[in-house]
Every structure is written in C-alpha cells, then in structure tokens.
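Here's the structure we're looking at; comments come further down.
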There are 2 protein chains.
Amino acid sequence: MPKSEENPDHREASGVEDTVLGNLIGYRMKRAYMQIQPEAQRVLAEDDLRVVSFSCLSIITDNPGIVQSELAEALQMERSNLVVVIDELEDRGLIARKKVPTDRRRYALTATLRGRRLRDRAALRVRQVEDAVVGCLDAEDRARLMAVLERLEARRAR
Amino acid sequence: MPKSEENPDHREASGVEDTVLGNLIGYRMKRAYMQIQPEAQRVLAEDDLRVVSFSCLSIITDNPGIVQSELAEALQMERSNLVVVIDELEDRGLIARKKVPTDRRRYALTATLRGRRLRDRAALRVRQVEDAVVGCLDAEDRARLMAVLERLEARRAR
DNA sequence: GATAATGATTATGGTCAATAACTATATTGT
DNA sequence: ACAATATAGTTATTGACCATAATCATTATC
C-alpha cells in the first residue's frame with residue numbers, strides 16, 4: 001500500500017492529480033488554516049485589530065503585569081516585533097505600560113478596562129467565525145482536532 | 001503546582017494564563033503548523049527548493065502539460081507570483097515550458113527527468129521530517145487528523 | 001473586423017518576521 | 001567595588017511573501 005499512482009484516499013475535486021502534496025500534513029494544515037485565518041482577520045479588522053494585536057491584548061488581559069519578554073515567549077515571536085504592537089495598543093488606551101520598580105528595564109503590561117472589554121468582544125466574534133467555518137465538524141471531531149493540535153504543539157523537542 | 005482554576009481542558013506548559021487563544025482553532029492550528037513548516041523548509045533548502053517551488057514541481061510532475069493558470073488555481077496562489085518560481089525551475093532544468101500549438105498564449109509545463117527525480121527525493125525527505133514531528137500521534141490519530149483537515153479545506157463555501 | 005476576454009508577464013506596494021546593533025539597567029565574579 | 005557579562009526593551013534594516021494593477025500577445029465574441 002505504500003506506493004501507487006492512484007491514491008484512493010484523496011480524490012481531487014478539480015481534475016488536477018496529486019500524489020504527494022495532499023498526503024503531507026503540513027500542506028493540508030496550511031490549507032485548512034487558510035480557511036480560518038482570513039475570516040478571523042476580517043472580523044478583527046472591524047475593531048482595528050490585527051491577529052497579532054488581538055493575541056497580545058488577550059494574553060495581557062489574562063496575565064496582568066506580564067512583561068514584554070514573557071509575552072514574546074508566550075506568543076513565540078521576537079521581542080523586537082512586539083514593540084510596535086505594544087505601542088499601538090498603548091496609544092489606543094487598551095493597555096498600560098508601567099515600569100516595574102524592582103527592575104527598571106522591564107515594563108509591566110496590563111489591559112485597561114476598555115482593553116479587556118474589546119478583547120472579550122473580539123474573542124466572541126472570532127469564535128463565531130470559527131464556528132461557522134468549522135461547522136462541518138461535529139463536537140467530537142472538533143474536540144479531537146483540538147486535542148491533536150495541542151499534542152503536536154506540545155512536542156517541544158528538536 | 002501551576003494554578004489553572006479556569007479551563008481544565010488546556011494546560012499551559014509555562015506559567016502564562018490563557019483563557020481565549022488556546023481555545024481558538026486558528027491559533028492552535030497555526031502553532032501546530034509552525035512545528036512542521038520550519039522543518040520542511042530546512043530539508044527542502046538542502047535541495048535549493050522552497051516550499052512553494054517544491055509544491056509547483058510536485059504538481060507539475062503529477063500533471064504533465066498543466067498550464068500556469070491551472071497550477072496557480074491548484075495551489076491557490078496568484079498567477080503573477082508563479083512566474084518567478086516557474087522561471088527558476090526552468091532555469092535549473094527541472095521543468096520545461098513549451099507553447100501549446102492550439103493556444104499560443106499558454107505554456108504547457110512538464111517536469112524533466114531530473115525534476116521528477118528531485119521531486120521524489122525531496123518528497124521522501126519532507127515525509128521523513130513530518131513523520132518525526134508527528135511521531136507522537138499513532139496511525140489512527142494521524143489518519144483522522146488528515147481526514148478532518150481535508151474536510152475543513154473542502155468547505156469551499158462563503 | 002472591432003471589442004472583449006484570457007494567459008502570461010512586469011512592476012509595485014504592503015505586511016510580516018528575522019537579525020543585528022544600540023541603550024539602559026541588572027547580575028556576576030573576583 | 002568594579003569590570004565583565006547578561007538581560008529588557010528599542011530601533012533600523014532586510015528579505016520573504018502576497019496581492020494588485022497595468023501591459024502584451026493571443027484568442028474568443030458579436
């Protein structure tokens with residue numbers, strides 16, 4: 001069963017043959033992700049949020065006093081790329097930066113009331129569009145998908 | 001002992017709380033994808049291939065005579081962005097462009113022998129790194145994951 | 001035969017992530 | 001105590017990537 005010119009477990013909707021890509025998890029994952037991402041981006045844009053700024057706002061809301069390095073680590077992004085995002089959230093009054101007295105290199109980040117409210121509202125709307133996209137899965141499939149993704153992500157080895 | 005009074009169904013490895021992001025499929029999917037993508041990119045780079053050029057080479061190999069518009073459609077990318085990729089594959093002697101006589105606007109694309117061999121070799125190596133990353137899943141989980149991703153992708157509705 | 005549509009191309013701009021270099025504070029070793 | 005080192009945040013820069021519009025040649029349409 002390993003090799004064959006016709007792989008019956010993936011029929012292409014179009015007439016295009018594909019003996020390789022469709023069997024790669026990375027390829028399938030990206031294409032599935034691309035069903036969700038533009039939708040999320042669209043609804044977040046209605047609140048002038050990008051995915052990354054929503055993510056930051058969300059983590060800050062859940063972790064008052066978190067500093068930028070920790071936030072970068074949590075979101076797996078570079079500290080340097082965080083700066084402009086944090087700047088913008090602060091300028092919009094969604095979060096506040098305050099120097100921590102015991103270590104004046106660091107900024108403690110907290111979400112303002114407005115920030116927390118926006119986070120909650122945006123989260124709801126993102127959740128809604130995800131539900132729409134993923135409506136073709138029943139609750140069990142969905143739960144299993146989440147669990148499997150979580151396990152993949154958890155294998156922090158290399 | 002980390003304190004997650006909140007949501008018992010997602011344990012954070014670090015001490016960072018998260019009541020929202022971790023429950024979003026898009027977020028989880030991106031993070032799982034990021035476990036695979038850099039690895040695939042790395043092994044493809046050893047053959048001077050990028051993910052996109054490998055994808056093109058693969059589809060062309062499986063569909064001799066395909067034209068650029070069809071390829072762009074199959075890979076869900078813009079025709080204009082295909083051009084340089086095709087150019088490079090052609091310059092490297094991995095594929096050939098030939099005008100189709102019945103419609104001289106179009107180029108029929110075919111993989112050369114070298115191209116087909118490279119495709120097969122690269123596919124094997126990508127498969128290997130995917131197997132390594134995804135080794136924490138048994139065959140059934142993996143099959144189910146693929147099936148679910150395929151269904152998500154298939155919902156070509158708006 | 002004029003006009004519109006199509007396939008490939010070129011040029012361009014915007015977003016994004018990665019890197020290096022810099023500043024200021026803090027920590028460590030002797 | 002102080003020199004060397006490390007860390008937090010910042011800035012600037014770069015290259016990759018993706019989308020858009022304009023162009024050219026060819027084909028299809030009325």
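Remember, it's a predicted structure, so these values are computed and weren't measured experimentally. Chain letters run A, B, ... following the sequence lines, proteins first, then strands; residues in each count from 1.
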Counting heavy atoms from C-beta on, name the nucleotide in [options] closest to the side chain of [X].
| X | options | value |
| --- | --- | --- |
| Asp103(B) | dT26(D), dC17(D), dA18(C) | dT26(D) |
| Arg106(B) | dA8(D), dT26(D), dA8(C) | dA8(C) |
| Asp87(A) | dT11(D), dA8(C), dA19(D) | dT11(D) |
| Lys30(B) | dT9(C), dG9(D), dA17(C) | dA17(C) |

[N] [atom2] sits how many Å from [X] [atom1], rounded?
| X | N | atom1 | atom2 | answer |
| --- | --- | --- | --- | --- |
| Asn81(A) | dT10(D) | CG | C1' | 12 Å |
| Lys99(A) | dA8(D) | NZ | P | 13 Å |
| Met77(B) | dA19(D) | CE | P | 9 Å |
| Arg50(B) | dC18(D) | CZ | C1' | 12 Å |
| Glu88(A) | dC16(C) | CD | C1' | 15 Å |
| Glu78(A) | dT15(C) | CD | P | 21 Å |
| Gln37(A) | dT15(C) | CD | P | 14 Å |
| Tyr107(B) | dT26(D) | OH | C1' | 11 Å |

Polar contact flag, side-chain donor to acceptor under 3.5 angstrom, Ser58(B)-Arg119(B):
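Yes, side-chain donor-acceptor contact under 3.5 Å.
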
Is a side-chain donor-acceptor pair under 3.5 Å present for Arg79(A) with Ser69(A)?
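There is no such pair (donor and acceptor under 3.5 Å, judged by atom type) between the side chains of Ser69(A) and Arg79(A).
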
Which part of the nucleic acid, if any, lies within reach of [X] when heavy atoms closer than 4.0 Å are counted: base, sugar-phosphate only, or nothing?
| X | answer |
| --- | --- |
| Gln68(B) | sugar-phosphate |
| Val67(B) | sugar-phosphate |
| Arg104(B) | sugar-phosphate |
| Ser80(A) | base |

Do the non-hydrogen side-chain atoms of Leu149(B) and Tyr27(A) ever get within less than 4.5 Å of each other?
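Heavy-atom side-chain distance check fails, nothing below 4.5 Å.
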
Tell me whether the NZ or CZ atom of Lys99(A) lies within the 45° cone about the ring axis of Tyr107(A) and under 6.0 Å from its centre.
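Judged by the rule (NZ or CZ under 6.0 Å from the ring centre, within 45° of its axis), Lys99(A) counts as positioned above Tyr107(A).
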
Hey, which of these two, Gln41(A) or Arg79(A), hits DNA chain C nearer its 5' end, going by closest nucleotide?
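With Gln41(A) and Arg79(A) compared, the 5'-side residue is Gln41(A).
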
Measure across Gly115(A) and Leu57(A) and return the closest heavy-atom pair with its distance rounded to 0.1 Å.
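Closest heavy-atom pair between Gly115(A) and Leu57(A): O-CD2, 3.6 Å.
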
Taking for each residue the nucleotide of DNA chain D with the nearest heavy atom, is it Arg105(A) or Ile86(A) whose nucleotide lies nearer the 5' end?
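The residue mapped nearer the 5' terminus is Arg105(A).
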
Is any side-chain N or O of Ser69(B) closer than 4.0 Å to OP1 or OP2 of dT6(C)?
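Checking dT6(C) against Ser69(B), no side-chain N or O comes under 4.0 Å of OP1 or OP2.
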
